[in-house]
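What follows is one structure encoded as structure tokens, with my remarks underneath.
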Amino acid sequence: MSEEKSLNFIEEIIEADLQSGKYNSISTRFPPEPNGYLHIGHAKAICLNFGLGLKYGGKTNLRFDDTNPVTEETEYVDSIKADIRWLGFTWTDELYTSDYFDTLYRYAVDLINKGLAYVDDSSAEDIAALKGTPTEPGKDNQFRSRTIAENLTLFTDMKAGKYKDGEKVLRAKIDMTHSNMLMRDPIIYRIKHAHHHRSGDKWCIYPMYDFAHGQSDSIENITHSICTLEFIPHRELYDWLIDKLGIFPSHQYEFARLNMTYTVMSKRKLLQLVNEGHVTGWDDPRMPTLSAFRRKGYTAESIRTFCDKIGVAKRENFIDLSLLEFCLREDLNQKALRVMAVLDPVKLIITNYEEGNTEILSSENGPDEALGKRNLSFGKELWIEREDFMEAPAKKWFRLAPGNMVRLKSAYIVKCESFIKDAAGTITAIHCTYIPESRSGSDSSGISVKGTIHWVNAADAVTAEIRLYDRLFTSENPLGEAGDFKDTINPNSLQIITNGLVEPSLKEATAESRYQFIRKGYFCTDKDSSPTKLVFNRTVTLKDAWAKEVKKN
RNA sequence: UGGGUUAUGGUGUAAAGGUAGCACAACAGAUUUUGAUUCUGUUUGUCAAGGUUCGAAUCCUUGUAACCCAACCA
């Protein structure tokens, strides 16, 4: 029986609210600013918000928090929608804070009329100077005492475009000595003569986050507004504004954002990686963005499982990348078709196999019989992985070595008789004999070997480009290192193999098809791939007990 | 040194005064035509010090540590 999963603290709050009759149903929202691509940290918030909506039969809106026209673009809006859909969630309503600009403006006027907001002519520096510090209270300035009528006129003029950027701001009149810095008369409207991706040039004043977010939640009747820990200090202002405006009381709850080893999760830093060319774009498979994970071959299912496993709490966390990879492998192990591909080929010649002979062998497509079988051709000359041969075998080595026997996956047992080296010492061919009675499925040889290796038939192998991705940073915690986080960028995060050889069944591979290249890892067709030039991305390696063995010695 | 938030194995996350559990990681073994998968087992923990109690991760006291807050960003 499935064990009862304990509730996270937000589910506990919701169940209590539902039980007490505070709400009959709940509403949540996912509120990204369209100023970048979604990353794995957003996936946690998406799974939380949409998951809650699904679990408690409530609605979950997608709301673009687009109050800053200079950073936001339609490209980002589109990518965000695509990523959420890919993750497998459907929003109730697609909304934009910019659609509330008229309402928000009325709210601001309302605040002025209540004597709770004023227009301030100070410069940014002057405002900062009078704001005080966490340990020292701030001070009032002369603009704070303007009359309601004057404030109304000035604010109308701000809206009408009579002032330049930065000349004036509208501030909430709260308390310049408040212990919470955010309550020291926060700026709620600023002047920006900028083109907005949706409202165009209609506005030259834009509300700040604090004057838009809670109000938008309220307008949408969001019951549980979930955000990350750093917004805790904002909650007091969030509640203050809702109270003074007398609008629907949404409530804010905060959880700890996701941090993960070997990556960074801030949009600003990711943008830097893109702009400075450390990666090829937001969907470069080394990025922690959802579009990058998708391109690299991750399944949406695995990311959802991951988000479920990491839980939701209020304490700072630092999750092992290996947990994500575990979720991925667990899923891919079920789904990925098994095929053979040789990344670093060396020729294997079966000396006792008849010249020109070809036979068709059958191989399973995966551990699940439902995945079926496919045919493979086999002949005298094959390609095998260079690293599967060792001239002087190590301890516990059970792959190919002089005099050693291994099985060629789904084919025959072969014995290494000799090998050829060129002048530079590189092995150019390995000569084997095969055991005709050892054919897979009808093995009567009675021989058992410890090693099984993959191969492709030289007669019909197809060349492919194979991109091997590794973590982007060498440090577990790039931000924790002294110096710039970019100093820890892994110089070997991408290795491109141009002459990989894959079995011919892969010729028909379509974009985002997922495979397991037997013994090498999970791979997926890249969007750059075409029938004339196959390109595969390594999604993740297989667990490798041999590599560990080697490391130990 | 103002205010706020948080402390449970290496990493996450449970335990609502009553057996510190689960997952990942690590380690050992079995199975294996992928050194994969699967299976079995092992190691490791309540921030500290006091107190209340038959009994404390949980309650109380006093400390300690980490994180957040001084953008006309969100």
Side-chain angles (χ1 to χ4, degrees), chain A residues 3 5-8 12 31-33 35 65-68 70-72 120 122-124 127-129 131-138 165-171 178-184 186-192 206 208-210 212-213 227-236 254 256 261 267-268 309-327 329-330 333-334 338 340 363-364 366-367 396-399 406-411 413 438 440-441 443 448-454 516-521 541-549:
Chain A
E3 237 163 75
K5 213 188 162 218
S6 50
L7 303 178
N8 66 47
E12 278 176 1
E33 181 188 14
N35 66 345
D65 213 340
D66 55 352
T67 58
N68 186 357
V70 303
T71 56
E72 296 151 7
D120 192 328
S122 311
S123 67
I127 288 178
K131 194 141 203 174
T133 68
T135 50
E136 294 165 50
D165 289 10
E167 259 184 38
K168 288 185 167 41
V169 290
L170 183 70
R171 293 230 252 169
H178 205 287
S179 58
N180 180 350
M181 298 288 291
L182 277 152
M183 298 296 277
R184 322 244 260 228
I187 293 168
I188 57 177
Y189 259 95
R190 79 288 215 189
I191 300 169
K192 271 182 198 276
Y206 292 92
M208 296 285 288
Y209 166 85
D210 285 305
H213 204 100
C227 61
T228 46
L229 253 29
E230 64 270 28
F231 289 96
I232 288 177
H234 293 254
R235 189 175 60 224
E236 194 169 12
E254 310 88 6
T261 54
K267 275 194 210 169
R268 218 192 89 244
K309 280 187 196 285
I310 58 177
V312 177
K314 296 192 80 148
R315 101 180 66 121
E316 297 287 346
N317 58 79
F318 199 54
I319 312 266
D320 269 343
L321 174 62
S322 59
L323 179 60
L324 211 209
E325 293 184 338
F326 167 81
C327 297
R329 291 192 182 104
E330 186 184 44
N333 182 45
Q334 307 291 319
R338 268 55 172 184
M340 292 201 277
S363 189
E364 73 281 358
K396 293 192 195 166
W397 176 262
F398 38 88
R399 303 181 193 174
V406 296
R407 175 172 291 282
L408 296 171
K409 171 72 183 169
S410 297
I413 293 174
S438 66
S440 282
D443 185 347
S448 72
V449 293
K450 277 204 193 129
T452 299
I453 64 172
H454 60 282
Q516 184 194 104
F517 289 0
I518 290 178
R519 304 207 305 131
K520 296 311 292 179
T541 58
L542 259 24
K543 288 221 296 202
D544 192 346
W546 174 246
K548 270 187 195 169
E549 186 66 34

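Note that the structure is predicted; figures quoted are calculated from it, not measured. Letters go in sequence order (proteins before strands), and every chain restarts at 1.
- Of the listed nucleotides (rA15(B), rU13(B), rU11(B)), rA15(B) has the atom at the smallest distance from the side chain of Glu12(A).
- A donor N or O paired with an acceptor N or O is not found under 3.5 Å between the base of rU6(B) and the side-chain atoms of Arg315(A).
- To the nearest whole angstrom, the two P atoms, one in rU43(B) and one in rA20(B), are 15 Å apart.
- Here the side chain of Asn317(A) is nearest to one of rU33(B), rU13(B), rA36(B), namely rU13(B).
- With hydrogens and angles ignored, the 3.5 Å screen pairs no side-chain donor or acceptor of Glu136(A) with any backbone N or O of Gly132(A).
- Where pairing requires Watson-Crick or G-U contacts shorter than 3.5 Å, the helical stems of RNA chain B with at least three consecutive pairs are B:2-7 with B:64-69, B:10-13 with B:21-24, B:26-30 with B:38-42, B:47-51 with B:59-63.
- By the side chain to side chain contact (heavy atoms under 4.5 Å, CB included) test, Gln334(A) is found to be paired with no residue, residues two or more places apart in sequence or in another chain being considered.
- To the nearest whole angstrom, the two C1' atoms, one in rC39(B) and one in rU32(B), are 11 Å apart.
- Asp320(A) places no side-chain N or O within donor-acceptor distance of the main-chain N or O of Ser322(A), the cut-off being under 3.5 Å.
- Atom name P, nucleotides rU11(B) and rA48(B): the rounded distance is 15 Å, in whole Å.
- Comparing rU34(B) with rU19(B), their P atoms sit 45 Å apart, to the nearest whole Å.
- Across all strands, Arg184(A) comes closer than 4.0 Å to no nucleic acid atom at all (heavy-atom distances).
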Start with the C-alpha gap between Arg407(A) and Ser440(A), add the side-chain angles, then the distance that decides, and say whether side-chain contact (heavy atoms from CB on, under 4.5 Å) holds.
CA-CA 9 Å; Arg407(A) 175 172 291 282; Ser440(A) 282; 3.4 Å; yes
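- Applying the side chain to side chain contact (heavy atoms under 4.5 Å, CB included) criterion to Lys543(A), with sequence neighbours excluded, gives Arg329(A).
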When you compare the protein's N or O atoms with those of nucleotides 38-43 of chain B, which come within less than 3.5 Å of each other, and at what distance?
none

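- Of the two residues contacting RNA chain B, namely Phe517(A) and Ala256(A), the nearest-nucleotide position lying further toward the 5' end is that of Ala256(A).
- Residue contacts for Gly441(A): at a heavy-atom cut-off of 4.0 Å it reaches a base atom on one of the strands shown.
- Between Thr452(A) and Asn8(A), the residue anchored closer to the 5' end of RNA chain B is Asn8(A), taking for each the nucleotide with the nearest heavy atom.
- For rA15(B) and rC59(B), the P atoms lie 13 Å apart once the distance is rounded to whole Å.
- Ser322(A) comes within contact range of the sugar-phosphate backbone alone, with a heavy-atom separation under 4.0 Å but no base atom that close.
- Rounded to whole Å, atom P of rA25(B) lies 16 Å from atom CD1 of Ile310(A).
- His234(A) is linked by a ring-ring contact (aromatic ring centres under 6.0 Å, His included) to Tyr209(A), Phe231(A), counting only residues two or more places apart in sequence or in another chain.
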When you compare the protein's N or O atoms with those of nucleotides 70-74 of chain B, which come within less than 3.5 Å of each other, and at what distance?
residue, atom, partner, partner atom, Å
rC72(B), N4, Ser122(A), O, 3.0
rC72(B), N4, Ala124(A), N, 3.4
rC72(B), N4, Gly166(A), O, 3.0
rC73(B), OP2, Arg190(A), NE, 3.2
rC73(B), OP2, Arg190(A), NH2, 2.9
rC73(B), OP2, Lys192(A), NZ, 3.0
rC73(B), O3', Arg190(A), NH2, 3.1
rC73(B), O2', Asn68(A), ND2, 3.2
rA74(B), OP1, Thr67(A), OG1, 2.6
rA74(B), OP1, Arg190(A), NH1, 3.4
rA74(B), OP1, Arg190(A), NH2, 2.8
rA74(B), OP2, Tyr209(A), N, 2.9
rA74(B), O3', Asp65(A), OD2, 3.2
rA74(B), N6, His234(A), NE2, 3.1

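- Side-chain atoms of Ser410(A) do not come within 3.5 Å of backbone N or O of Ser363(A) as any donor-acceptor pair.
- Every salt bridge (Lys or Arg N to Asp or Glu O under 4.0 Å) that Lys409(A) has, sequence neighbours left out, goes to Glu364(A).
- Distance CG (Asp320(A)) to P (rA23(B)): 16 Å, rounded to an integer number of Å.
- A search for side chain to side chain contact (heavy atoms under 4.5 Å, CB included) contacts involving Ser123(A) returns Glu125(A), Asp126(A), not counting sequence neighbours.
- A donor-acceptor contact under 3.5 Å links the side chain of Arg338(A) to the base of rU34(B).
- In this structure, Phe318(A) places its CZ atom 8 Å from P of rG12(B), rounding to the nearest Å.
- In this view, Glu33(A) and Asn35(A), Thr71(A) satisfy the side chain to side chain donor-acceptor pair (under 3.5 Å) rule, not counting sequence neighbours.
- Within the structure, a side-chain polar atom (N or O) of Lys548(A) is placed less than 4.0 Å from OP1 or OP2 of rA26(B).
- For the P atoms, the distance linking rA14(B) with rG9(B) amounts to 13 Å, nearest Å.
- Within the 4.0 angstrom heavy-atom criterion, no nucleotide atom of any strand lies near Leu229(A).
- One can find a donor-acceptor pair under 3.5 Å joining the base of rU34(B) and the side-chain atoms of Gln516(A).
- Listed for the Arg519(A) side chain is no donor-acceptor partner under 3.5 Å among the backbone atoms of Leu542(A).
- Atom P of rU62(B) sits at a distance of 15 Å from the matching atom of rU1(B), rounded to the whole Å.
- When the P atom of rU13(B) is taken as reference, atom CD of Glu316(A) falls 10 Å away, rounded to whole Å.
- Regarding contacts with the backbone of rU37(B), a side-chain N or O of Lys543(A) is found under 4.0 angstrom from either OP1 or OP2.
- Residue contacts shown for Tyr206(A) are absent, as no nucleic acid heavy atom lies under 4.0 Å away.
- Partners of Lys520(A) under the salt bridge (Lys or Arg N to Asp or Glu O under 4.0 Å) rule, at least two apart in sequence or in another chain, are Glu387(A).
- Separation of the C1' atoms belonging to rA49(B) and rA7(B) is 16 Å when rounded to the nearest angstrom.
- Rounded to an integer number of Å, the gap from Ile319(A) CD1 to rA23(B) P is 16 Å.
- For Val312(A), the side chain to side chain contact (heavy atoms under 4.5 Å, CB included) test picks out Asn8(A), Phe9(A), Ile10(A), Leu48(A), Phe255(A), with sequence neighbours left out.
- For Arg338(A), there are no salt bridge (Lys or Arg N to Asp or Glu O under 4.0 Å) partners, not counting sequence neighbours.
- Of the candidates rA23(B), rU11(B), rU33(B), rU33(B) carries the atom nearest the Ser440(A) side chain, counting heavy atoms from C-beta on.
- rA71(B) adopts a syn glycosidic conformation, its chi angle falling within 90° of 0.
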